[in-house]
Amino acid sequence: MKDGYDPSAVEAKWQRLWDERGTNRFTLEQLRAAKDPYYNLMMFPYPSAEGLHVGNIYAFTGADVHGRYHRLRGKTVFEPMGFDAFGIHSENFALKVGKHPMDLIPSNVANFTRQLKRIGGMFDWNHAVDTTDPDYYKWTQWVFVQLFEAGLAERKEAPVNWCPSCMTVLANEQVIAGECERCGTAVEQRRIAQWFFKITKYAERLLDNLARIDWSEKTKKAQVNWLGRSEGARLRFPVVDEKGRETGTTIEVYTTRPDTVFGATYMVLSPEHPLVDKVTNPGLSPPVYAYRDKARQKDLVARQKVDKTKTGVSTGGYVRNPATGQSIPIWIADYVLMGYGTGAIMAVPGHDQRDFDFAQQFELPIVRVVAGPGADATTSLDEAYVGPGVLVNSGRFDGTDVTDSVRVLTRWAAEQGWGEGQVNYRLHDWCISRQRYWGPPIPIIYCDACGPVAVPADQLPVVLPRVEDFQPDDSGVSPLARVESWYRTTCPKCGKPARRETDVSDTFLDSGWYFLRYPSTDFRDRPFDAAITKKWLPVDSYIGGHEHAVLHLLYSRFVTMALHDLGHLDFEEPYDVFRAHGLIISEGAKMSKSKGNVIVPDPVIEEYGADTLRTYLMFLGPFEEGGDYRQEGIQGPYGFLHRLWDTVVSAGEGTADAAVERKVHQTIRQVTEQIPSLQYNTAIAALMECLNVVRAGGRAYVRAEVEPLVPLLAPFAPHIAEELWERLGHRGSIFDGANWPAYDPAKAAETSVTIAVQVNGKLRGSISVAKGAAEAAVVAAARADENVARHLEGVQEKKVIYVKERLVNFVVVA
RNA sequence: GCCGGGGUGGCGGAACGGUAGACGCGGCGGCCUCAAAAGCCGCUGUCCUCAGGGACAUGCGGGUUCGAUUCCCGCCCCCGGUACCA
């Protein structure tokens, strides 16, 4: 065929036209004037040196399909793209190849941009952001200052992982089995003063708001678990000497089972607990300090690892159990974490498995205080009992049902003055300090007289200096701490000599507000313009990977909430709708270099075109579940696009066949319903099915039968759709108008239906009847079917099940 | 361990409690072509068959129902997340 489908020519032509005409770009005026705005956001990539992989393309295409669909429905769709280019990955890669990240990032960004244009995304390149651009991170620093001035940032000491060989701080994910992922050296723990955002202040709102945002349940659940709300009580145990006299010190514990306080037979402090020194009996201090030092040396991951065998040492000190009045010993053990609750627990070995294991290990007393069915106060325990029952061995509270006991005992503790109910969250404050080079400097100046002072707004950005030696060293502080000319400054308040903060901030802060920046990149004097923000935000649809279901989404919700409270935003939830895409695997296995099954998009586009790749990726499986990329499978969508092309360019004029037209309208209905709910694979299948009907048996198809398929396909394969649209005689871009076809329910309606005929639930035949046929007529027709009649012979009919337009089932006894 | 999500032909995957396997890949046979690409037609879950059909089939075992891939109970396996959270 002389005018065959040539993907590379078609794609080059339309990408050029989109670019020339500004089809996907907005001016500030257009953003301001937009009718029916729709903010279609997708998670921006980290621009690696390898370029986009097929997983990125999958995610972006799925989001782009969504955006293009809404555009064809008449909405003004803003679809920006950017680069999350700061962070340890870029920095480590730069160190590895011996180049400077300031040189590497621009070429990576250029390569990503080229690839993103090539896949035909509807990106507005007028509004791209790059988190490493001082014009961007100026405002990242501004966000920090806002939170700092609102009292939401604080500096405190916290443990970090430290690799003594690489001389660097490691993130938890860089510690593999207690060793540095790069050099294999045993990782240590160090304590370093760092900046934290007080996200825990927002824990309750972050949890409560989940109920009113349209996110997939899966994602919400992940956030709920991460926030980890628990209800319990804070109880105070007085420290006593050997004779049981109070020393004046009390230790607070947090427990979700204050009702089991009568069973608390010992107390455990975290080795890092500040009262360890105070309660330790001088005679026992050598083993106590030895244990504490050992715990301190462990890296953070190993420290929190669940071990089968519990370890710990006795401090020789005692507290009085305020419920029983008895003195109980104080131990320290690393199964108690300083970072949760109060860093101290009352151990109830009878009803907590961890305490039970510990008590057995060290022969501490185990007392039953809850009796389940068939048990009483004397029934022995061979594991912790956590089921229902009533309190026993609990003085006046014996017999209280555990469904009420927490409430009852909490009230009692409060009346006695040694406790009160408390809600606790697992969530920690957000540590944003990185003792690294490749990030935005934290905009703080330390002055001996004034303390930490925020860099004034008119002095932002604090520009990251180009430092050739950015290798971390043993000092444990950022490489910027070696650049004296940079960190020496004067205090903005008093003008005396002062010193800049030399740590940089976490990349999650960069991505914590980027969606606010996109529509406002035209403004250099403000992070986001009030009117533009009001018009475009919150985000209408956010699509991204589930690996960010917790941290990124939680942090950006927090930043939004805080900015809302400070009066900068009039909404507190950034994303109305969030959906996570699935994961692409290749040939049945996770993609990895070692397996050699990594799909590189460029050669695929070379051979088949971007439209085929996009359509194939969306056809692989349900978008929210992912799919298996199999090299051979791409032939399906490739052939489909060829057939569609051939059909459109050779379609005759004339009226549509009624049955074909019915199929077309059914297809419009299905695709219209399925695209917004991300059921892309079945929508594409419907398009294929429809084309098969149009072309069935080599019949002479006409234009009216195939034309509606062009806009229906356009979200998936935008280039070929543009070209065919033009060849069908339309002017301009198909995406410039609300060109989505409407379906006519009357034309989509079937005139006859096939009805399954069963005998005792087994299929024995099928009959075709007119739609709306009376039940009696259908049953009679069913009975008349030869094979059905055979199965009804000589049996007794009990009843007939009739499901309208579906089936007839004769229930018989043999 | 806990929390999610899954187990359906040779493969990817479809199926409001109502004809399991849509659509596609692969395979087989045929057409077109000098040839290739693209395209076209037919067949394709397994077993039995008197060629009309029949039996078995949605991880395993039970249950509810006229009817279960779908709902309920109990297991097994895979994938993702999380890690002693008191």
Side-chain angles (χ1 to χ4, degrees), chain A residues 1 4-5 216-222 224-226 228 230 232 253-257 260 268 301 303-308 310 333-337 339-348 352-355 357-358 424-428 546-547 549-550 582-583 585 587-588 590 616 619-622 624-643 645-646 679 681-690 692 695 697-698 754-766 786-787 790 798-812:
Chain A
M1 181 165 304
Y5 172 43
S216 48
E217 281 311 307
K218 187 180 167 167
T219 311
K220 287 191 192 183
K221 197 82 180 228
V224 168
N225 292 343
W226 190 264
S230 75
V253 300
Y254 174 74
T255 175
T256 55
R257 293 296 304 274
T260 61
V268 185
V301 176
R303 173 72 179 76
Q304 296 187 15
K305 195 99 194 154
V306 184
D307 254 1
K308 302 131 254 337
K310 296 265 182 289
D334 66 4
Y335 82 94
V336 176
L337 307 173
Y340 185 77
T342 63
I345 61 155
M346 64 174 204
V348 183
D352 181 288
Q353 193 57 43
R354 296 156 302 181
D355 298 342
D357 295 342
F358 190 82
N424 205 28
Y425 289 87
R426 197 196 82 116
L427 179 72
H428 287 35
H546 210 251
E547 67 275 19
V550 176
L583 225 64
I585 58 170
E587 312 293 337
K590 212 168 163 176
Y616 180 45
F619 182 65
L620 283 179
E624 291 179 79
E625 284 164 38
D628 186 0
Y629 188 104
R630 290 170 62 259
Q631 202 70 255
E632 286 168 331
I634 200 166
Q635 291 299 340
Y638 190 51
F640 168 63
L641 294 189
H642 271 280
R643 283 192 293 280
W645 175 283
D646 292 346
Q679 293 166 280
N681 58 331
T682 48
I684 292 167
L687 291 171
M688 290 173 166
E689 215 176 307
C690 186
N692 290 347
R695 295 168 57 95
T754 306
I755 291 189
V757 185
Q758 300 178 334
V759 176
N760 276 355
K762 289 199 188 236
L763 184 71
R764 297 304 177 191
S766 66
E786 202 184 321
N787 196 42
R790 207 159 51 78
K798 262 170 68 187
K799 63 171 164 175
V800 180
I801 308 283
Y802 173 70
V803 181
K804 193 167 179 283
E805 289 164 17
R806 280 289 183 178
L807 65 59
V808 175
N809 184 14
F810 295 98
V811 183
V812 302

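If you're wondering where the values come from, they're calculated on a predicted model, not measured in any experiment. Quick note on labels: first sequence line is chain A, next is B, and so on, each numbered from 1. Side-chain atoms are counted along with the backbone in the values below, which use heavy atoms only and exclude waters and symmetry mates.
Stems are defined here as 3 or more consecutive Watson-Crick or G-U wobble pairs with pairing distances under 3.5 Å; those involving RNA chain B are B:1-7 with B:76-82, B:10-12 with B:23-25, B:26-31 with B:39-44, B:45-48 with B:53-56, B:59-63 with B:71-75.
Note on A/D355: nothing from the nucleic acid sits closer than 4.0 angstrom, heavy atoms only. No contact: A/G228 has no heavy atom under 4.0 Å from any strand. At a threshold of 4.0 angstrom between heavy atoms, the contacts of A/L620 are confined to the sugar-phosphate backbone, with no base atom among them. Contacts of A/G765 with the nucleic acid, taken as non-hydrogen atoms under 4.0 Å apart, are absent. Using a 4.0 Å heavy-atom criterion, one finds that A/Q758 contacts the bases of the nucleic acid, with or without backbone contacts as well. Within 4.0 Å of A/N692, counting heavy atoms only, lie sugar-phosphate atoms of the nucleic acid but no base atom. Using a 4.0 Å heavy-atom cutoff across all strands shown, A/S230 reaches sugar-phosphate atoms only and no base atom. Using a 4.0 Å heavy-atom distance criterion, A/N225 is classed as a sugar-phosphate-only contact. Residue-level contact check: A/G639 touches the backbone only, with heavy atoms under 4.0 Å from sugar-phosphate atoms and none from bases. Backbone-only contact: A/K590 has heavy atoms under 4.0 Å from sugar-phosphate atoms and none from a base.
Across the interface with RNA chain B, nearest-nucleotide mapping of A/D352 and A/F619 shows A/F619 to be the residue nearer the 5′ end. For the pair A/G339 and A/F640, nearest-nucleotide mapping onto RNA chain B gives the more 5' position to A/F640.
Relative ring orientation between A/Y340 and A/Y254 is described as perpendicular, the plane-to-plane angle rising above 60° on a 0-90° scale split at 30° and 60°.
One finds no side-chain N or O of A/R354 lying less than 4.0 angstrom from the OP1 or OP2 phosphate oxygen of B/G1.
The gap from the P atom of B/U70 to that of B/G6 amounts to 13 Å, rounded to the nearest Å.
Listed candidates were B/G53, B/C85, B/G24. Nearest to the side chain of A/R426 is B/C85. The side chain of A/E632 has B/C25 as its nearest neighbour among B/U82, B/U19, B/C25.
Remark: aromatic rings of A/Y629 and A/Y616 are close, center separation under 6.0 Å.
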